[in-house]
Participant: 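My questions all concern the structure below.
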Amino acid sequence: RAKSKCRGSLQFFAEEMNEQLLIRKQLKGDLRRAIPEGQLELEFQPQVDLTTGKVIGVECLLRWSHPTKGRVPPDQFIHLAEESGLIIPIGDWVICQACAQANDWPELKFAVNVCPIQFRQGNIVETVRNALEAEGVSPNRLEIEITEGILLQNTEETIAILTELKAMGVRIAMDDFGTGYSSLNYLRRFDFDKIKIDQSFIAGLGRSTESDCIIQAVIDLGASLGMTSNAEGVETLAQARKLKQQGCKEVQGYFFGRPMPSTSIQELLVDHDWMMLAADDTPSRST
Ligand code: C2E
Ligand code: MG
Ligand code: MG
Ligand code: MG
């Protein structure tokens, strides 16, 4: 009896697996039509300078509106696009779209996420150069965000590409800093312009001494290497104030704005600044 029960759950498990595989396969197929059928779009999340309280840039985040499933979050389709190679045209589309949008906000920097495969198989330098030229956008307004996964393979080649982009004037940021296993080593290998402290650390800010100390150490490390620090996932005023005290340069997160369509960014630029951060340096508990 025990045996048959086991077999039963194994079969159930196998069916589940099959279903997952089917869904993935179907999504992968659907993704092929996403660009031609205009199902992709970018949203923009404001980045705020803690010294001035002003929005100084946006991170461009990819959105997929699936015809029947609705919004599919990037965490669910980026890896599928990587597996199928579609990430190259999709990644190129993101860069072109971001550069086109940048024309509407001449005062803002804009950041795009680029995945490892686009570095290895794509022609990222050409794509970036062409997109900037086509839109007449200055290279120093574009920031490319990479995770350390990008340096795990073909390290020399990747560093050469990063160096070329940097020579063009494009800025390079290390995303999700602290989550991988050799983040520190990569800081030694390449002169990043910015370190983005992963949001998992910010979530612990003010709750554990360990989180506070780690964040402080990363900010100080960045400063001594001449890199700007950005804290991701800032959800409260208290976190923003604490980060400002700690000397963090820049923040982004739901407190300042969720990723939003381009039209809302326009309103945000006109209506808001966060001078209360600049005005008040004293520790203060707020909600
Ligand atoms: P990421 O680059 O680290 O982006 C930050 C993620 O955190 C975004 O999720 C953003 O919506 C979310 N976030 C921002 N502020 C807060 C906050 O205060 N609290 C919380 N809980 N979350 C916050 P999203 O848009 O779902 O993107 C997830 C990941 O997908 C990104 O992580 C990035 O790695 C990847 N991704 C997004 N767009 C692209 C793209 O165009 N190309 C590539 N290759 N990857 C992308
Ligand atoms: Mg990012
Ligand atoms: Mg991140
Ligand atoms: Mg991430």
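The residues of the chain are indexed from 1 along the displayed sequence. Both ligands and their constituent atoms are indexed starting at 1 by order of listing. The structure presented is a predicted model; accordingly, all values stated were derived computationally and were not measured.
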Participant: Out of the N/O/S atoms in Glu59, what is the name of the one closest to the Mg ion (ligand 2)?
Facilitator: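 So the atom name we want here is OE2.
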Participant: Whether Lys109 and Glu143 form a salt bridge (side-chain N of Lys/Arg under 4.0 Å from carboxylate O of Asp/Glu) is what I want to check.
Facilitator: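 Salt bridge: no.
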Participant: Less than 4.0 Å is my threshold; does some heavy atom of Lys196 fall inside it relative to ligand 1?
Facilitator: no
Participant: Below 4.0 angstrom from a heavy atom of Cys115, which ligand 1 atoms are there? Numbered from 1 as shown, please.
Facilitator: 44 (N)
Participant: Should Pro259 be listed as contacting ligand 1, given a heavy-atom distance under 4.0 Å as the test?
Facilitator: yes
Participant: Determine which of the N, O or S atoms in Glu145 is closest to the Mg ion (ligand 2) and give its atom name.
Facilitator: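 The nearest such atom is OE1.
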Participant: To check you understand the geometry: which heavy-atom pair defines the closest contact between Leu268 and Pro46, and what is its length?
Facilitator: CD2-CG, 3.5 Å
Participant: Could you tell me the angle subtended at the Mg ion (ligand 3) by OD1 of Asp176 and OE1 of Glu232, rounded to 10°?
Facilitator: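 Once rounded, the angle between the two atoms at the Mg ion (ligand 3) is 110°.
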Participant: Would you mind listing which atoms of ligand 1 come within a distance below 4.0 Å of any non-hydrogen atom of Glu232?
Facilitator: 3 (O), 5 (C)
Participant: Any donor-acceptor pair under 3.5 Å linking the side chain of Asp193 with the backbone of Ile172?
Facilitator: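 The answer is yes, because a donor-acceptor pair under 3.5 Å joins these two groups.
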Participant: Is any side-chain heavy atom of Gln246 closer than 4.5 Å to one of Ile215?
Facilitator: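 Ile215 reaches Gln246 side chain to side chain.
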Participant: At less than 4.0 angstrom from any non-hydrogen atom of Val94, what atoms of ligand 1 do you find?
Facilitator: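 Ligand 1 atoms under the 4.0 Å threshold to Val94: 41 (O).
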Participant: Counting only heavy atoms, which portion of Leu42 has something under 4.0 Å from ligand 1: side chain, backbone, both, or neither?
Facilitator: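 None of Leu42 does.
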Participant: Considering Ile87, Leu62, Asn113, which one's heavy-atom position lies nearest to atom 43 (C) of ligand 1?
Facilitator: Asn113
Participant: Does Gly257 offer a backbone N or O that forms a donor-acceptor pair with the side chain of Gln45 under 3.5 Å?
Facilitator: yes
Participant: With the Mg ion (ligand 2) at the center, what angle do OD2 from Asp175 and OD1 from Asn113 span, rounded to 10 degrees?
Facilitator: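 With the Mg ion (ligand 2) as the vertex, the angle is close to 90°.
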Participant: Centre-to-centre under 6.0 Å for Phe110 and Trp105, is that the case here?
Facilitator: no
Participant: In terms of side-chain heavy atoms, does Glu133 have a donor or acceptor partner in Asn130 at a distance below 3.5 Å?
Facilitator: no
Participant: Give the atom numbers and elements of ligand 1 that come within less than 4.0 Å of a heavy atom of Val234.
Facilitator: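 Near Val234, meaning under 4.0 Å from one of its heavy atoms, ligand 1 has 18 (O).
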Participant: At a 4.0 Å cut-off, with the gap strictly under it, does some heavy atom of Pro73 reach an atom of ligand 1?
Facilitator: no
Participant: Of the listed options (Gln239, Gln199, Gln118), which comes nearest to atom 7 (O) of ligand 1 when hydrogens are ignored and any heavy atom counts?
Facilitator: Gln199
Participant: Strictly distance-based, threshold 3.5 Å: is any side-chain N or O of Gln76 a donor or acceptor partner for the main-chain N or O of Pro73?
Facilitator: no
Participant: Do Leu152 and Tyr186 come close enough that some side-chain heavy atom pair is under 4.5 Å?
Facilitator: yes
Participant: Is the closest heavy-atom distance from Glu59 to ligand 1 below 4.0 Å?
Facilitator: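 Within the 4.0 Å threshold, so yes.
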Participant: Using heavy-atom distances only, which candidate in Thr147, Val251, Leu61 approaches atom 8 (C) of ligand 1 most closely?
Facilitator: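 Comparing heavy atoms across Thr147, Val251, Leu61, the nearest one to atom 8 (C) of ligand 1 lies in Leu61.
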Participant: Using a 4.0 Å cutoff against the non-hydrogen atoms of Asp175, which atoms of ligand 1 qualify?
Facilitator: 1 (P), 2 (O), 3 (O)
Participant: side-chain contact (heavy atoms from CB on, under 4.5 Å) with Gln101: which of Cys96, Cys60, Ser262?
Facilitator: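 It is Ser262; the other options fail the test.
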Participant: Can you sort out which atoms of ligand 1 are near Gln45, meaning under 4.0 Å from one of its heavy atoms?
Facilitator: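 Those qualifying, in numeric order: 14 (C), 15 (N).
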Participant: Determine, using the 4.5 Å side-chain heavy-atom cutoff (strictly less than), whether Ile78 and Ile146 are members of one ILVMFWY cluster.
Facilitator: yes
Participant: One residue to check: Glu43. Relative to ligand 1, which of side chain, backbone, both or neither has a non-hydrogen atom less than 4.0 Å away?
Facilitator: neither
Participant: For Arg63, counting its heavy atoms only, list the atoms of ligand 1 lying under 4.0 Å from any of them.
Facilitator: 11 (O), 24 (P), 25 (O)
Participant: Just by distance, do the side chain of Gln97 and the backbone of Trp93 share a donor-acceptor pair under 3.5 Å?
Facilitator: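 It does not hold such a pair.
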Participant: So, does Lys196 use its side chain to make a donor-acceptor pair with the main chain of Glu145 at under 3.5 Å?
Facilitator: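 Judged by distance alone, no pair lies under 3.5 Å.
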Participant: Only heavy atoms count here, so choose which of Tyr254, Trp93, Phe256 is nearest to atom 22 (N) of ligand 1.
Facilitator: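 Nearest heavy atom to atom 22 (N) of ligand 1 lies in Tyr254.
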Participant: Show the atoms of ligand 1 that are less than 4.0 angstrom away from any heavy atom in Glu235.
Facilitator: 17 (C), 18 (O), 19 (N), 20 (C), 21 (N)
